Engineer: 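Below is a structure I'd like to ask you about.
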Amino acid sequence: MRTTLNIGVDSDLSILGREASLSWGLEFGRDKTTQKLIDGQDVATPLKNRSTAAYAQLTLPVNDAITLSAGVRYDRFKLSVGDFTRPRAYYYFPAYGIGLDLAPVSVTGGEFDFDEWTGNLGFTANIAPTTQVFGGWSQGYSPTDIGSFTRRAGMNSVAEICTAYGNDNPLIGAAYHCTIPGTYALSYVDIAPEPQVVDTYELGLHHDGGDWNGQVSAFYSTSDDGVNFDPITNRVSQQKERIWGVEAQGVWTLASGTVLNGMIGFREGRYDSDGDGKIEAWLGNNRIGAPVRVRLGVTRDFAGWIGRAEAMYLGGRDRAEGQLELPSVTLVNASLSRELGQGMLTLAVENLFDRDYVNPTATATRNAVTEGWGRTVAVSYRMSF
């Protein structure tokens with residue numbers, strides 16, 4: 001359950017004779033999160049979080065061609081972590097190629113505070129009447145998915161495994177060199193992930209020429225506490241990571257009432273897999289999925305109907321060590337819509353040619369081949385009021 005209150009103010013300013021604008025405000029939030037089995041047993045620690053934030057964003061036109069922007073934000077979180085017992089769990093041990101049924105682990109919670117300042121800088125420059133260059137640096141800050149760590153209490157790291165289970169089980173003791181008996185108990189302090197700060201740098205070009213418009217941009221993001229889930233070992237961890245990519249998209253409106261649109265994108269990333277400070281391994285498929293994505297579509301308005309067809313290509317990936325190869329696939333979707341009464345009637349068909357393919361998202365999450373949906377037909381009626 002989440003409750004929020006946002007207060008925002010837009011103010012006009014004059015800086016060195018130029019008209020500028022300042023947006024500033026406050027944000028307040030309260031969250032209560034629980035995850036339970038159908039019998040009512042907690043599978044992750046109960047959480048209560050109170051958040052406050054203050055921000056200010058300045059936009060300053062330097063001249064008729066260049067506009068600068070800068071902002072700052074302060075976030076503070078007060079986290080209350082409840083005591084709970086992680087239920088019995090199945091854990092796969094790659095050292096032996098087998099899974100074990102692990103006993104429950106008690107987790108002691110507590111009260112925790114954390115805060116951070118973040119900022120951003122940006123610019124836009126008109127290089128032609130309908131074309132702009134843009135770019136900037138921005139930071140994002142957020143608590144890590146705490147539930148994913150506490151659901152795996154006692155399994156997130158070698159230190160946790162040895163503290164919780166020790167050498168009580170000879171297989172665990174030998175695999176992780178645990179030398180003392182297990183306590184079957186942990187403190188949230190032993191599990192707690194660090195909040196994540198992500199720095200992103202972007203540079204791009206935008207054109208809006210009336211009949212056609214488009215944009216191409218490239219980005220590079222860094223984080224010292226990126227969160228990665230390894231589907232092979234069922235462990236969640238934090239390491240340094242770098243992600244980069246480029247994307248181009250455009251829309252072309254023809255005189256006949258036909259609209260063509262397309263997108264091509266690429267993204268990839270690496271991380272520090274062993275914690276030695278060197279970023280040497282490719283990120284898992286559950287973080288990158290299809291590194292190359294291409295979409296081509298056409299929309300046409302005729303006799304009150306709106307028809308749309310699109311082809312989508314998802315590139316394959318075989319870079320993540322120990323994870324299944326994701327094969328590439330091309331899918332075609334189509335839809336037909338028209339206004340009916342006060343709403344919109346739509347007939348849509350996904351995977352029009354009923355292609356057999358591997359769902360990249362589901363397969364990457366489980367590291368097990370998961371088939372995508374076959375041809376799917378849906379009829380919907382949507383009314384806004």
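Counting from 1, the numbers follow the sequence of the chain as shown. This is a predicted model, so every value here is computed, not measured.
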Engineer: Is any side-chain heavy atom of Glu27 closer than 4.5 Å to one of Tyr55?
Structural biologist: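 Side-chain contact under 4.5 Å: yes.
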Engineer: Quick one about Thr124 and Gln132 (side-chain donor to acceptor, distance below 3.5 Å, no hydrogens or angles considered), yes or no?
Structural biologist: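 No, Thr124 and Gln132 have no side-chain donor paired with an acceptor closer than 3.5 Å.
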Engineer: I'd like to check Asn169 versus Leu100 (side-chain heavy atoms, cut-off strictly below 4.5 Å). Are they in contact?
Structural biologist: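 A side-chain contact exists here, since the closest heavy-atom pair is under 4.5 Å.
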Engineer: Would a 4.5 Å heavy-atom cut-off, applied to side chains only, mark Phe114 and Leu79 as touching?
Structural biologist: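 Result yes, sub-4.5 Å side-chain heavy-atom pair found.
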Engineer: I'd like to check Trp282 versus Glu268 (side-chain heavy atoms, cut-off strictly below 4.5 Å). Are they in contact?
Structural biologist: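 Side-chain contact under 4.5 Å: yes.
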Engineer: Would Leu102 and Val158 show up in the same hydrophobic cluster when neighbours are defined by side-chain heavy atoms closer than 4.5 Å?
Structural biologist: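 Yes, because Leu102 and Val158 connect within a single hydrophobic cluster, where side-chain heavy atoms sit under 4.5 Å apart.
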Engineer: Would you check if there is a donor-acceptor pair between the side chains of Gln323 and Glu321 at a distance under 3.5 Å?
Structural biologist: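 Side chains of Glu321 and Gln323: no pair found under 3.5 Å.
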Engineer: Are the side chains of His207 and Gln215 in contact, using a 4.5 Å heavy-atom criterion?
Structural biologist: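 Gln215 vs His207: side chains apart.
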Engineer: Yes or no on side-chain hydrogen bond (donor to acceptor under 3.5 Å, both in side chains) for Trp24 and Ser11, after CA distance, side-chain angles and deciding distance?
Structural biologist: CA-CA 8 Å; Trp24 57 279; Ser11 303; 3.2 Å; yes
Engineer: Between Asp75 (side chain only) and Asp115 (backbone N and O only), is there a donor and an acceptor less than 3.5 Å apart?
Structural biologist: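 Not at all, since once roles are kept as given, no pair shorter than 3.5 Å links the two residues.
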Engineer: Using a 4.5 Å cut-off on heavy atoms from C-beta on, say whether the side chain of Glu241 contacts that of Leu283.
Structural biologist: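 Yes, side chains in contact.
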Engineer: Within the 3.5 Å criterion, strictly below it, is a donor on Asn120 or Trp137 matched to an acceptor on the partner's side chain?
Structural biologist: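 Their side chains do not contain a donor-acceptor pair, so the 3.5 Å distance test is not met.
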Engineer: Can you get from Tyr201 to Leu121 by hopping between Ile, Leu, Val, Met, Phe, Trp and Tyr side chains that sit under 4.5 Å apart?
Structural biologist: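 Hydrophobic grouping puts Tyr201 with Leu121.
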Engineer: Name every donor-acceptor pair, under 3.5 Å, that has one atom in a side chain of residues 325-343 and the other anywhere in the protein, sequence neighbours excluded.
Structural biologist:
from, atom 1, to, atom 2, distance (Å)
Asn333, OD1, Asn351, N, 2.9
Asn333, ND2, Glu310, OE2, 3.2
Ser337, OG, Thr346, OG1, 3.0

Engineer: How about Thr299 and Arg308: does a side-chain donor come under 3.5 Å of a side-chain acceptor?
Structural biologist: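 Yes.
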Engineer: Would you call the rings of Trp117 and Tyr74 parallel, tilted or perpendicular, taking 30° and 60° as the class edges?
Structural biologist: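 Tilted, since the angle between the ring planes falls between 30° and 60°.
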Engineer: Can we say Asp101 and Arg88 salt-bridge, meaning some charged N sits less than 4.0 Å from an Asp/Glu carboxylate O?
Structural biologist: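 Salt bridge: yes.
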Engineer: Answer whether the closest heavy-atom distance between the side chains of Thr131 and Asn126 falls below 4.5 Å.
Structural biologist: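 Contact flag for Thr131/Asn126 side chains = no.
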Engineer: Find out whether Glu116 and Val197 are in side-chain contact, i.e. whether some heavy atom of one side chain is under 4.5 Å from a heavy atom of the other.
Structural biologist: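 Yes - at least one pair of side-chain heavy atoms lies under 4.5 Å apart.
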Engineer: Do you reckon Val72 sits in the same ILVMFWY cluster as Leu60, going by side-chain contacts under 4.5 Å, direct or chained?
Structural biologist: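 No, it is not one cluster - the side chains of Val72 and Leu60 are not joined through contacts under 4.5 Å.
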Engineer: Check the side chains of Asp12 and Ser21 for a donor-acceptor pair under 3.5 angstrom, ignoring hydrogens and angles.
Structural biologist: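 The criterion, which ignores hydrogens and geometry beyond distance, is not satisfied for Asp12 and Ser21.
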Engineer: Fit a plane to each ring of Tyr141 and Phe77, take the angle between them on a 0 to 90° scale, and name the class: parallel (under 30°), tilted (30 to 60°) or perpendicular (over 60°).
Structural biologist: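 The rings of Tyr141 and Phe77 sit tilted, inter-plane angle from 30° to 60°.
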Engineer: Given the rule that I, L, V, M, F, W and Y join up when any side-chain heavy atoms are under 4.5 Å apart, are Tyr381 and Val377 in one cluster?
Structural biologist: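 Same cluster: Tyr381 reaches Val377 through Ile, Leu, Val, Met, Phe, Trp or Tyr contacts under 4.5 Å.
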Engineer: Establish, from distance only, whether the side-chain atoms of Ser142 and Gln196 form a donor-acceptor pair under 3.5 Å.
Structural biologist: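 No.
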Engineer: Is the closest side-chain donor-acceptor distance between Thr258 and Arg300 under 3.5 Å?
Structural biologist: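 The answer is yes; a qualifying pair exists.
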